[in-house]
Amino acid sequence: MSHKKQHLLDNRYLRMAAIWAENSYCERRKVGALLVKDKMIISDGYNGTPSGFENICEDTNGTTKNYVLHAEANAITKVAKSHNNSNGATLYVTTSPCIECSKLIIQSGIKRVVYTEEYRITEGIDLLKRAGIDVVKFIE
């Protein structure tokens, strides 16, 4: 695939991930993720509380609760419950992954991560690069 065509696809999938982030009930930061394999969206996710919990991500002090799931973790665990797998897939995410999500990304066989906004802590991105995953900060 040409670089120009890949850039166009990356832009479209990231815009879709940004729209998906709007589903999040989190106040501090809304993050969306899409897992794409063979030009097909195989999973999606946004940050929020686990199934069955109240849809409130922050405590009364405005601090994110420690059990809130990140968008990437939601997308990866959702595909794990399906008949599909993420081996060789691309993860599109609106904010760069943290270290914990990066470990899940590596273990799930995702080969490429494209993101728009860089999180202030970059150790997740550093780990992905160390694992040989193609990491792209998307610039329009």
Side-chain angles (χ1 to χ4, degrees):
M1 183 181 317
S2 74
H3 178 71
K4 185 176 180 180
K5 187 171 183 180
Q6 185 64 63
H7 189 78
L8 282 170
L9 281 174
D10 288 349
N11 187 25
R12 288 179 185 141
Y13 286 128
L14 283 169
R15 287 190 346 242
M16 291 168 75
I19 290 168
W20 203 242
E22 294 172 15
N23 288 318
S24 174
Y25 288 91
C26 297
E27 300 292 330
R28 291 182 67 202
R29 179 187 302 263
K30 295 178 184 296
V31 181
L34 289 180
L35 257 175
V36 177
K37 184 175 177 178
D38 301 324
K39 295 185 187 174
M40 183 174 62
I41 297 169
I42 60 168
S43 190
D44 52 55
Y46 52 87
N47 56 329
T49 56
S51 299
F53 283 67
E54 74 291 343
N55 287 321
I56 301 168
C57 298
E58 293 84 13
D59 62 21
T60 53
N61 298 322
T63 304
T64 301
K65 295 175 181 175
N66 64 356
Y67 55 85
V68 167
L69 287 158
H70 290 184
E72 307 93 315
N74 266 326
I76 290 168
T77 54
K78 190 186 276 189
V79 82
K81 292 195 307 187
S82 76
H83 295 291
N84 216 325
N85 69 71
S86 52
N87 218 25
T90 296
L91 175 71
Y92 292 93
V93 63
T94 55
T95 303
S96 61
C98 71
I99 191 83
E100 293 302 319
C101 287
S102 291
K103 290 188 267 186
L104 292 174
I105 290 165
I106 293 165
Q107 289 300 96
S108 64
I110 294 167
K111 293 300 176 204
R112 187 168 181 260
V113 175
V114 184
Y115 65 94
T116 44
E117 183 186 336
E118 192 156 84
Y119 187 60
R120 61 184 165 78
I121 302 167
T122 61
E123 62 185 4
I125 291 295
D126 298 338
L127 185 66
L128 292 173
K129 289 178 180 175
R130 185 172 161 203
I133 292 173
D134 184 18
V135 178
V136 178
K137 181 180 190 315
F138 186 82
I139 300 164
E140 282 192 57

Open item on the list: Using the rule side chain to side chain contact (heavy atoms under 4.5 Å, CB included), only one of Leu8, Val93, Val114, Ile41 pairs with Tyr13; which is it?
Closed with: Ile41
TODO: Please test Ile56 against Thr49 for side chain to side chain contact (heavy atoms under 4.5 Å, CB included), starting from the C-alpha separation and ending with a verdict.
DONE: CA-CA 7 Å; Ile56 301 168; Thr49 56; 5.9 Å; no
Are any side-chain N or O atoms of [X] and backbone N or O atoms of [Y], one a donor and one an acceptor, separated by less than 3.5 Å?
X     : Y     : result
Asn47 : Arg29 : yes
Lys30 : Cys26 : yes
Ser43 : Ala75 : yes
Glu58 : Arg28 : yes
Thr94 : Gly32 : yes
Asp59 : Asn61 : yes

Just how far is it from atom [atom1] of [X] to atom [atom2] of [Y], taken to the nearest 0.5 Å?
X      : Y      : atom1 : atom2 : answer
Leu34  : Leu14  : CG    : CG    : 8.5 Å
Ile110 : Ile105 : CD1   : CD1   : 5.5 Å
Ile139 : Thr116 : CD1   : OG1   : 11.0 Å
Ser102 : Leu127 : OG    : CG    : 5.5 Å
Ile121 : Asp126 : CD1   : CG    : 11.5 Å
Ser86  : Lys37  : OG    : NZ    : 7.0 Å

For [X], I'd like to know if atom [atom1] has over 12 heavy atoms of other residues, nucleotides or ligands within 6.0 Å.
X      : atom1 : result
Glu117 : CD    : yes
Glu54  : CD    : yes
Tyr25  : OH    : no

Task: Contact summary for Lys111 and Gly88, nearest pair of heavy atoms - done: CG-CA, 3.6 Å
Can you confirm whether [X] sits close enough to [Y] that some side-chain heavy atom of one is under 4.5 Å from a side-chain heavy atom of the other?
X      : Y      : result
Lys129 : Ile125 : yes
Arg112 : Val136 : yes
Leu69  : Pro50  : yes
Lys78  : Asn74  : no
His70  : Glu100 : no

TODO: Indicate the ring-plane relationship of Phe138 and His7, choosing parallel, tilted or perpendicular according to the 30° and 60° boundaries.
DONE: parallel
TODO: Please step through side chain to side chain contact (heavy atoms under 4.5 Å, CB included) for the pair Val79 and Asn85, ending with a clear verdict.
DONE: CA-CA 6 Å; Val79 82; Asn85 69 71; 5.9 Å; no
- [ ] Indicate whether any N or O donor in one side chain lies under 3.5 Å from an N or O acceptor in the other, for Asp10 and Tyr92.
- [x] yes
